[in-house]
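Following: one structure in structure tokens, then a few remarks.
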There are 2 protein chains.
Amino acid sequence: MNRTPNLLEVAKAAGVSNMTVSRVVNNSGKVSDKTRQKVLKAIKELNYQPNLIARSLARKKTNILGLVVYSEKGVHPAFYNEIINGVQQGASELGYDLLIFANSEKQSYSDRITHSSFVDGVIFMGVKINQNDIKNVHEKGFPYVFVGKREIEGINPYFISPDYIKGTKMATEYLIELGHTRIGLIGQSRMIEPDYDKLLGYQEALYKHNLVYNPQLVFEESQTQLDGYNAMKELLKQKPTAVIINNTYSTIGATTAIKEEGLRIPDDISVIGFDDNQELNEQFNDFIGLELSTIRIPKIDLGRQAAKMTISLLEGNDVSQANFIDLQFIKNSSCKKL
Amino acid sequence: MNRTPNLLEVAKAAGVSNMTVSRVVNNSGKVSDKTRQKVLKAIKELNYQPNLIARSLARKKTNILGLVVYSEKGVHPAFYNEIINGVQQGASELGYDLLIFANSEKQSYSDRITHSSFVDGVIFMGVKINQNDIKNVHEKGFPYVFVGKREIEGINPYFISPDYIKGTKMATEYLIELGHTRIGLIGQSRMIEPDYDKLLGYQEALYKHNLVYNPQLVFEESQTQLDGYNAMKELLKQKPTAVIINNTYSTIGATTAIKEEGLRIPDDISVIGFDDNQELNEQFNDFIGLELSTIRIPKIDLGRQAAKMTISLLEGNDVSQANFIDLQFIKNSSCKKL
DNA sequence: TTGTAGGCGTTATCAT
DNA sequence: ATGATAACGCCTACAA
């Protein structure tokens, strides 16, 4: 690998000083058109590209965003993937690249992030997040954003989260307006914040429409196909006319149970799902010939906004700490008016 | 955000020169135990961390690996996810972080990679890879590894790929040894290299055991559940006693078709799948109560090895250009001896 | 064993 | 409009 040329060499070739070249490269300051042409020619001839490391050192800014995904066994949950793509897009649109921090046993993330000068800001993601990491960066005033709602004692962290409460409330109200009163909810969990918020939204909708909350219609901790299947089998004993299901895997299991019982969607039961796994969701719908109404989490947008928030923050703009992004309701043919 | 201390400040605090501090930090050169203790104390008190940008500039080495994923609309195919995790693990084990290059309309990847000095080496991944990018880095001698087998005219690129030929051959032979002669293959595609290799492996196995290749047992381009379902419906007309299926989605569709026809696995037909999507695969097997024999692509390992290859390369070690990684055959109860 | 000088490639500052 | 010079924080090479 042969060396790449630097500013000085370009300057010599163009017969100007390095600063003039720098100005041309960065489009900053005043440069006469004539010299600019000379410089541009030299740049082209030498195939010059600025050395970003040197630039970063001088500017004290790398234009790189850090990304930390806390995950078990180093595996990113499939759910986060699309968000990460969004982060990348958002970052890219503003001229930033993305550095994925690898797990290191020797050093905590937060130290490496704040001290290494390699990233200008950081995005945290994941369920098993280390609260100390956030606390550290927060206290140091290092720009960060957490994806997902999170409460940490003592501080109000910057975060952006899907508004599960509002989203589920909206879906529930939709069903209520179609005349449903016995609405099941599969998958709420008191331990997982998003799931718990879904329950809250569900309850809010019932309350608003003077319907009584019936715990027998609510099933906890449904994550897998099998969970969804079992939950639905139980739920059907309660003769619901509609059901909202937590996640894609559960939905697959649950609709299978519905089929097995000889019931049809939406004639015998209305169904609304969450499309946390969009690809699978679409595949499955195609296959079953189902046109499921779903609550969509705009994951790309979520990631993109996380990136933009972080950049706003690191550029010194005011950013509010708690941010929510609306869920979308995709109306389809799996719900029937009673 | 307050400034972080630098070598000089630590040096002053410890009453030594910056070089001594540097030596302690890097564990290089000779430093007396007494001074070392002083320095370590100062480092701790000031909470010093080396500035990696400055270090990179001086060393002309960042300890960062670049990762370029070529994908449609910025979406990483689910398949690549796990590989990326593997890359991260491999990199991390050798002290490298990962920089994801974002798509930029202004600049080609290869220019940014080779000129920006931000990464020491790069890993390419994806179907829609830009051949020019590889060509460029290759010609410049910039360390790179491509994940997946790829032929590019004029050059022999460095790559690491699953050995689909060998893997499929192994599975096919397993079925032949169980007494099967009418073995279906769902999902080969002449256009997609891995799929085509599966066909080659299948044919090699037949040839080796003096069985005649019957194109009627082979179905092309099966990617989705629906594809798999339709292919299997057709295939069953040929009365196969066993079938090998291309990917997880196809397998789900195909086994559904088998069920619908009132056939049982493995009593009426033996089935082997590929678990390209391991999570879904497991979920599905659980749900169906199926214990599918599968050909496993060791994706974590693939990614890890890609990282290690790249690092070997950039450290100046000899690395062979074409590398294959064995697939694993996971024997389970979905195949029967005839 | 420890320290000094110079350089890595860029940008900021201050002159001209 | 252009240029000289000093940072940025660290490392290499050489000197003491």
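Note: hydrogens, waters and symmetry copies are ignored here, and every other heavy atom, side chains too, is used.
OP1 or OP2 of D/dG9 sits under 4.0 Å from a side-chain N or O of A/Lys60. Put simply, B/Thr20 has a side-chain N or O that comes within less than 4.0 Å of OP1 or OP2 on C/dG3. At least one side-chain nitrogen or oxygen of A/Ser32 sits closer than 4.0 Å to the OP1 or OP2 atom of D/dT2.
Note on B/Ser56: nothing from the nucleic acid sits closer than 4.0 angstrom, heavy atoms only.
With sequence neighbours left out, B/Ser32 forms a side chain to side chain donor-acceptor pair (under 3.5 Å) with B/Thr35. Listed by chain and residue number, nothing satisfies the side chain to side chain donor-acceptor pair (under 3.5 Å) test with B/Ser28 (two or more places apart in sequence, or in another chain). With sequence neighbours left out, the salt bridge (Lys or Arg N to Asp or Glu O under 4.0 Å) criterion links B/Lys41 to B/Glu45. Applying the side chain to side chain donor-acceptor pair (under 3.5 Å) criterion to A/Asn26, with sequence neighbours excluded, gives A/Ser22, A/Arg55, A/Arg59. Partners of A/Tyr144 under the ring-ring contact (aromatic ring centres under 6.0 Å, His included) rule, at least two apart in sequence or in another chain, are A/His138, A/Tyr158. Taking the ring-ring contact (aromatic ring centres under 6.0 Å, His included) definition, one finds that A/Phe159 meets it with A/Phe324, sequence neighbours left out. Qualifying side chain to side chain donor-acceptor pair (under 3.5 Å) partners for B/Lys61, counting only residues two or more places apart in sequence or in other chains: B/Asn63, B/Tyr96. Not counting sequence neighbours, the partners of B/Lys149 by the salt bridge (Lys or Arg N to Asp or Glu O under 4.0 Å) test are B/Asp197.
Residues of residues 37-46 of chain A that place a heavy atom closer than 4.0 Å to DNA chain D do not occur.
One atom, CD of B/Glu9, and another, C1' of D/dG9, lie 10 Å apart when rounded to the nearest Å. Rounded to whole angstrom, the span from the CG atom of B/Leu57 across to the C1' atom of D/dC8 amounts to 9 Å. Put simply, CZ on B/Phe118 is 13 Å from P on C/dT10, counting in whole angstrom units.
Using a 30° and 60° split on the angle between ring planes, B/Tyr109 and B/Phe101 fall in the perpendicular class, above 60°.
Rotation axes derived from the C1' atoms of the five outermost pairs at either end of the helix from C/dT1-D/dA16 to C/dT16-D/dA1 lie 40° apart, to the nearest 10°.
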Return a table of donor-acceptor pairs under 3.5 angstrom between the side chains of residues 302-311 of chain B and protein atoms on other chains or two or more places apart.
{"from": "B/Arg304", "atom 1": "NE", "to": "B/Glu93", "atom 2": "OE1", "distance (Å)": "3.4"}
{"from": "B/Arg304", "atom 1": "NE", "to": "B/Glu93", "atom 2": "OE2", "distance (Å)": "3.1"}
{"from": "B/Arg304", "atom 1": "NH2", "to": "B/Gln89", "atom 2": "OE1", "distance (Å)": "3.0"}
{"from": "B/Arg304", "atom 1": "NH2", "to": "B/Glu93", "atom 2": "OE2", "distance (Å)": "2.9"}
{"from": "B/Lys308", "atom 1": "NZ", "to": "B/Glu93", "atom 2": "OE1", "distance (Å)": "2.8"}
{"from": "B/Thr310", "atom 1": "OG1", "to": "B/Ala306", "atom 2": "O", "distance (Å)": "2.7"}

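The distance from the CG atom of B/Leu65 to the CD1 atom of A/Ile100 is 12.5 Å, given to the nearest 0.5 Å.
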Q. Taking protein heavy atoms under 4.0 Å as touching, what does nucleotides 10-16 of chain D look like 5' to 3' if B marks base contact, S marks sugar-phosphate-only contact and - marks none?
A. BSBB---
